Number of protein chains: 2
Amino acid sequence: MTNETFANIDSGRGDGARPRPLAETVLRLIWRESEISRAEIARSHGIARSTVSEIVGTLLPTGLVAEVGVGPSGGGRRPIVLQFQDHACVILGVEIGATHLAVALTDLRGRVLAWEHRNHAVRSDPDGTRALLVELCDACLATRPHGAQPLIGIGVAFPSPVDPHHPDQVSDLVLPAWQGRTGLEILRQRYGAPLMLDNDANLGALAEGWWGAGRGVDDFAYVKVATGVGSGHVIGGKIYRGATGVAGEIGHLAIDPHGGPCVCGLRGCLATLVGAPALVARALALRSEYPQSVLARAEPSIESIEDAALAGDALALQIAREAAENLGIAVAGMLNLMNPALVILGGGLARLGDVLLEPLRETVRRRTLVSSVAVSEIRTSELGPQSIAVGAATLILQAALADSSLFHSALSSVEAP
Amino acid sequence: MTNETFANIDSGRGDGARPRPLAETVLRLIWRESEISRAEIARSHGIARSTVSEIVGTLLPTGLVAEVGVGPSGGGRRPIVLQFQDHACVILGVEIGATHLAVALTDLRGRVLAWEHRNHAVRSDPDGTRALLVELCDACLATRPHGAQPLIGIGVAFPSPVDPHHPDQVSDLVLPAWQGRTGLEILRQRYGAPLMLDNDANLGALAEGWWGAGRGVDDFAYVKVATGVGSGHVIGGKIYRGATGVAGEIGHLAIDPHGGPCVCGLRGCLATLVGAPALVARALALRSEYPQSVLARAEPSIESIEDAALAGDALALQIAREAAENLGIAVAGMLNLMNPALVILGGGLARLGDVLLEPLRETVRRRTLVSSVAVSEIRTSELGPQSIAVGAATLILQAALADSSLFHSALSSVEAP
DNA sequence: CATACTTTGATCGCGGATCGAACAAAGTCC
DNA sequence: GGACTTTGTTCGATCCGCGATCAAAGTATG
């Protein structure tokens, strides 16, 4: 119930006073456009020029917006160009994986200013994880020149479902050694900044939506195919978490009820068919039929299968086709249920590009009822291994742009004297 | 692009002036509570008592709210009880099925004041459908005493996906004779009230959420199992339509990729396994193994199968168990993907109650990964055959409570002289 | 090059919405 | 019966956003 540590829950609806509602709108617009004049703000939002002038007057002293020269004339006085100051604040994005940690320090445009990562036995060593986390965060923050830019928040990606109403709880099934608690309040205490937590696939989706393949798309799904298979869903520009925060388990969609058992206790899950272990096992099983394949010689790994498929190896292509078929069944089901405008394929298997996408698209086309569903695009991820940590930082940025008091509290703590 | 006929698109965000933002909030609260005092409104929303007084002062003359006596004292002056006037306006809810029409006239609390329905060849006769629709609407409206209550809007349930951005378009696949157009603007013209359109499963879900098994639940799914199988999803209290309005096609989730072909062109869809024709076919196939079954004697129908299952017939129970198993696979997949707090089972098959629910729950339990998913409740619909028409009316009510200008324009058209 | 028109941005007064303080009305508790 | 409580109203004070107006700084045009 008490939720002092995490700012996850949308508490900004009807609680406090909302001074200058339009100020938020204007700030968001300046962020979105990066550079814009007062008159253009007024035009594009139907606000009076006088109001815009006044609001900008309150925005300038915060340092979030600055006047940078004049723009071209449109037949009259030349406009003063306002520019959002992407470097006014910084954000920490933390990725906690099953076996590694990564921390990104970003500016307000999602650019990575500092990057630290380390392999670690996260599953079995929660205390060590937290200590290492502090170390990596310190290292990232130390790169700031003279501590000029204040930290507005810390976003954390966690490798298990996160209940938005109880963000500090951890599923005992996924990380039993953590004893049901993240224990991340030390981060908030140490850095004095709000903390927000979410599932890793959700944050990968968020990052793609803000900076990658999903830019400008309001409803899309991000499917991560690696060792495991998971998905994050952005609906109306916001992460959809479901009633208890566990939405997006596409990996455990049943593809074949007569299929093999999954670690989760079910049968024929997508994860048992297209996860990395499944593809390796499939390579071993098919090896005798493809004696000339490079995979027939040495012990195959998921990387070697991917490399071989990209090189045109017949066995690897067969495996990719099969994976695409199974993935396509699940994606088609997801399209029928959730109807996103776009599906972004992430994780290691996305390396295959069109080798995977072409048969996948074909399967989806054959398996979706309504024509408008079939027009959903399927693309691969644009962001690299930093996507999840950047997504964690984006969680904070999104919150700050929705409620600029986060910016102001960070800035005032610096400018107070 | 032009969208004069349908009010479907949320156009009430940032366009026009919003006089008295709190007035909307107060009106919604009074509606929700039915009876409440000014002081309690102020307390529960943190609004100043003076503001509430002033707002209520503007609400009383509209007739939507009235003072009805005094409440019990809490140690001081007794409060004046304000009551929302459920009968101040009426709403028309129209259900267009594949083979029938139904019209409900409701008050502002979802109560059905008049009800007309008729079988009709909707698929093949769009013109006759529209004419009959007008007839039924007229009959419902004529029951009003002296035309006292103004009509605030007409909601329409349509048996095909509805794109929220192009509500007048109809899928050629489902209703080819309609030539891609609903042609329902005649309703708006005849009755001079805003028109809103949505898919039938979505509106069944909405009705259950406002008046039935989903009361008070913000995220739930409604699965309708009848001749066809479809689903509607309420997310955050609002209907989720997806990027192009076709979300919720659970009937075409692939259960068995090696299964029989579906009308939609896919294989092994849920609809081919638990739709009414599939169950009848299954009864015929299994008849020889159950010679003592009542279904072995006469030609089975879906109603007779349901009746037999409720009577404990072994063959019918076997069919129900199989249907529950297949339905459970699809529902489990939907839970994994969308994580609703509740699943409401509607349509004819819901008559079976626990006969269907028990094995269904068991299958879902076995097929959902995370414990918190498994706690999702599964219940049967509470509303009868009127649910979809009532849901259509609820669409209008929801819009009016979100933007009370709908109430006022209806009321002023009466009170003008 | 002077003049007319355009566009931008600032200033000022107005109106609406909400709040807090003060007050009357109506009860409860001792 | 007197002190305290609660409700609802009234009355400035404040804040936000708007329109009108004006100065500044351009462009188009003769």
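Model, not experiment: these values are computed from the prediction. Residue numbering restarts at 1 for every chain, and letters A, B, ... go by the order of the sequence lines.
- Rounded to an integer number of Å, the gap from CD1 of Ile36(A) to C1' of dT8(C) is 14 Å.
- Contact check for Lys238(A) versus Gln398(A): side-chain heavy atoms found under the 4.5 Å cut-off.
- The salt bridge (Lys or Arg N to Asp or Glu O under 4.0 Å) check on Asp86(A) picks up Arg109(A), Arg111(A), with sequence neighbours excluded.
- Inter-residue side-chain proximity for His45(A) and Val52(A) is flagged as unmet; no heavy-atom pair is nearer than 4.5 Å.
- Using a 4.0 Å heavy-atom distance criterion, Ser50(A) is classed as a base contact.
- Remark: C1' of dG19(D) and CD1 of Ile47(A) are 15 Å apart, rounded to the nearest angstrom.
- In this structure, the CD atom of Glu67(B) is 12 Å from the C1' atom of dT9(D), given to the nearest Å.
- Here dT18(C) presents its C1' atom at 16 Å from CD of Glu24(B), a figure rounded to the nearest Å.
- No hydrogens or angles were tested; on distance alone, nothing pairs the side chain of Arg38(B) with the base of dG8(D) as donor and acceptor under 3.5 Å.
- Taking atom CG of residue Leu60(A) and atom C1' of nucleotide dA10(C), one finds them 13 Å apart after rounding to whole Å.
- Residues from residues 75-85 of chain A placing a heavy atom under 4.0 Å of any atom in DNA chain C, listed by number, are Gly75(A), Gly76(A), Arg77(A), Pro79(A), Ile80(A).
- Rounded to a whole Å, the NE2 atom of His45(A) is 17 Å from the C1' atom of dC18(D).
- Arg77(B) is linked by a salt bridge (Lys or Arg N to Asp or Glu O under 4.0 Å) to nothing, counting only residues two or more places apart in sequence or in another chain.
- Position along DNA chain C of the nearest nucleotide to Ala48(B) versus Ala39(A) favours Ala39(A) as the more 5'-ward residue.
- Every residue meeting the salt bridge (Lys or Arg N to Asp or Glu O under 4.0 Å) condition with Arg215(B), not counting sequence neighbours, appears here in chain and number order: Glu382(B).
- Atoms CG (Leu59(A)) and P (dA10(C)) sit 13 Å apart, rounded to a whole Å.
- Using a 4.0 Å heavy-atom criterion, one finds that Ser73(A) contacts the sugar-phosphate atoms exclusively.
- Nearest to the side chain of Ser37(A), among dC16(D), dG9(C), dC19(C), sits dG9(C).
- Straight-line distance from the CZ atom of Arg49(A) to the P atom of dT21(D): 13 Å, rounded to whole Å.
- Each salt bridge (charged side-chain N to carboxylate O under 4.0 Å, His left out) pair with one or both residues in residues 205-214 of chain B, not counting sequence neighbours, would appear here, but there are none.
- At a cut-off of 3.5 angstrom, counting only N and O atoms as typed in the model, there is no donor on one side facing an acceptor on the other between the side-chain of Ser53(B) and the base of dG8(D).
- Looking at residues two or more places apart in sequence or on another chain, you find a salt bridge (Lys or Arg N to Asp or Glu O under 4.0 Å) between Glu67(A) and Arg38(A).
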